[in-house]
Amino acid sequence: GKLYSQYNLLTTTGRPSNSFGTVNFAALPPEKRKAIVPENDYLVEFDFDAYHLRLISNLVGYDGFFSGESVHKHFAKVYGCEYDEAKQKTFQILYGGIREEHKKLSPFFSKTYDYINKKWNEINRHNCVFTDIYRRKLLFDNYEDLNRNKLFNYLIQAYETEMNIKKILDIQDYLLGKHGGPVKKTKLVLYGYDSFLFDFANEDGVETLKQIKKILENDIPWLP
């Protein structure tokens, strides 16, 4: 009576695909998520706010989000538009090409522009770049039609994946009591790039959820 999702790390960037048959568990629409039920007491999901933008901030050395507000609300004020429109506009700028007028909107875009060009020059000079945490080598010759924006996207997805792998390892160690604490009944049951779903057991207590939250927020101190 159980389905087990299958993660494949052998993708272009190392960002895992996740499927069982034809079902992509990492992108389940809300109506299909009802199929997932807890074995313990509750399903608890932790979801990062604007994860990619915060990871990019970390990579490019921009600390403008340390105020703790929602990133997309921040940019909605910058653009003078609504939340959803701001979210769409930000990703269009990042992955469509940062122009001079965008750099004037925020130091975030200016620093990201410099990072993109730095990595593009690096892969052209050395035929490779290395991911930021586990230092995996991305070879120019392994990609078709590579350009600076594609490379940027691959590096961000690789950074996200490697950051999340570190978090999953720390969470599993905590839940299995590997640092001297008690073994928990709570289990991590689904990883979805910017979210983590847990089958929570009441007997583990609310402190378990607080510790999981602390582990997930580690290395991302500007989360609200």
Side-chain angles (χ1 to χ4, degrees), residues 7 9 13-16 18 25-28 33 36 38 40-77 83 86-87 90-91 94 106-108 111-112 115 131-135 153 155-224:
Y7 292 94
L9 282 167
T13 63
R15 188 191 204 196
N18 175 5
F25 281 85
L28 281 177
R33 293 181 187 178
I36 302 176
N40 293 313
D41 297 296
Y42 300 100
L43 291 175
V44 179
E45 184 176 63
F46 291 86
D47 192 327
F48 288 111
D49 170 73
Y51 197 25
H52 265 206
L53 301 188
R54 295 182 186 278
L55 291 174
I56 291 168
S57 296
N58 200 19
L59 279 177
V60 305
Y62 174 67
D63 61 2
F65 299 140
F66 278 108
S67 61
E69 69 176 325
S70 164
V71 176
H72 295 305
K73 286 183 180 178
H74 167 81
F75 277 118
K77 296 174 187 174
Y83 179 97
K87 184 176 180 179
T90 298
F91 285 112
L94 285 173
S106 168
F108 170 77
K111 286 180 177 290
T112 302
Y115 174 86
T131 61
D132 287 84
I133 297 176
Y134 290 122
R135 305 299 294 168
N153 191 28
L155 286 169
I156 296 305
Q157 290 192 33
Y159 186 54
E160 169 206 86
T161 300
E162 294 178 357
M163 181 77 80
N164 287 344
I165 286 173
K166 287 181 65 179
K167 294 180 186 304
I168 288 170
L169 291 172
D170 288 342
I171 286 168
Q172 297 292 59
D173 282 351
Y174 169 67
L175 294 177
L176 293 172
K178 289 189 176 181
H179 299 304
V183 177
K184 310 291 186 181
K185 286 188 68 177
T186 297
K187 296 177 292 187
L188 173 62
V189 293
L190 187 66
Y191 154 60
Y193 309 141
D194 65 350
S195 66
F196 297 78
L197 184 67
F198 293 86
D199 183 356
F200 174 66
N202 272 337
E203 65 187 71
D204 290 338
V206 70
E207 286 303 319
T208 295
L209 295 178
K210 289 181 179 179
Q211 183 60 31
I212 289 171
K213 182 174 185 287
K214 182 178 178 181
I215 293 170
L216 288 172
E217 290 181 345
N218 188 36
D219 297 324
I220 314 178
W222 50 88
L223 282 168

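For the pair E217 and K213, the salt-bridge criterion is met [side-chain N within less than 4.0 Å of a carboxylate O].
No side-chain heavy atom of L176 sits under 4.5 Å from any side-chain heavy atom of K184. Residues Y42 and N202 are in side-chain contact: their nearest non-hydrogen atoms beyond the backbone lie under 4.5 Å apart. Counting heavy atoms from C-beta outward, T131 and Y159 have side chains that stay 4.5 Å or more apart. The closest side-chain heavy-atom distance from L209 to F200 is below 4.5 Å. Proximity of T112 to L59: side-chain heavy atoms (C-beta onward) are nowhere separated by under 4.5 Å.
Note that OH of Y191 is 6.0 Å distant from CZ of F196, once rounded to the nearest 0.5 Å. Expressed to the nearest 0.5 Å, how far CG of N164 lies from CD1 of I133 amounts to 9.0 Å. To the nearest 0.5 angstrom, F108 atom CZ is 7.5 Å from T90 atom OG1. In this structure, L197 CG and F25 CZ are separated by 11.5 Å, a value rounded to the nearest 0.5 Å. Going from atom CD1 of I171 over to atom NZ of K166 covers 13.0 Å, rounded to the nearest 0.5 Å. The line from NZ of K77 to OH of Y83 is 13.0 Å long, rounded to the nearest 0.5 Å.
By the ring pair (Phe, Tyr, Trp, His ring centres under 6.0 Å) test, F46 is found to be paired with F198, residues two or more places apart in sequence or in another chain being considered. For A50, the side chain to side chain contact (heavy atoms under 4.5 Å, CB included) partners at least two apart in sequence or on another chain are L53, V71, H72. Partners of P107 under the side chain to side chain contact (heavy atoms under 4.5 Å, CB included) rule, at least two apart in sequence or in another chain, are Y62. Checked against side chain to side chain contact (heavy atoms under 4.5 Å, CB included), N153 has the following partners two or more places apart in sequence or in another chain: Y95, Q157. Annotation: side chain to side chain contact (heavy atoms under 4.5 Å, CB included) contacts of L169 (sequence neighbours excluded): Y134, I165.
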What do the steps show when you test Y193 against N18 for side-chain hydrogen bond (donor to acceptor under 3.5 Å, both in side chains), and what is the final call?
CA-CA 10 Å; Y193 309 141; N18 175 5; over 6 Å; no
Please assess Y174 against H179 for the test side-chain contact (heavy atoms from CB on, under 4.5 Å), listing each intermediate value before the final yes or no.
CA-CA 7 Å; Y174 169 67; H179 299 304; 5.5 Å; no
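In this structure, R54 fails the cation-pi test against F48, since its NZ or CZ atom is not both closer than 6.0 Å to the six-membered ring centre and inside 45 degrees of the ring normal.
Residue pairs meeting the salt bridge (charged side-chain N to carboxylate O under 4.0 Å, His left out) criterion with at least one partner in residues 193-205, sequence neighbours excluded, are K185-E203.
At least one donor-acceptor pair closer than 3.5 Å links the side chain of R33 to the backbone N or O of L28. Remark: the backbone N or O of N218 is paired with a side-chain donor or acceptor of K167 at under 3.5 angstrom.
Closest of all the heavy-atom pairs between T186 and A201 is OG1-N, 3.1 Å.
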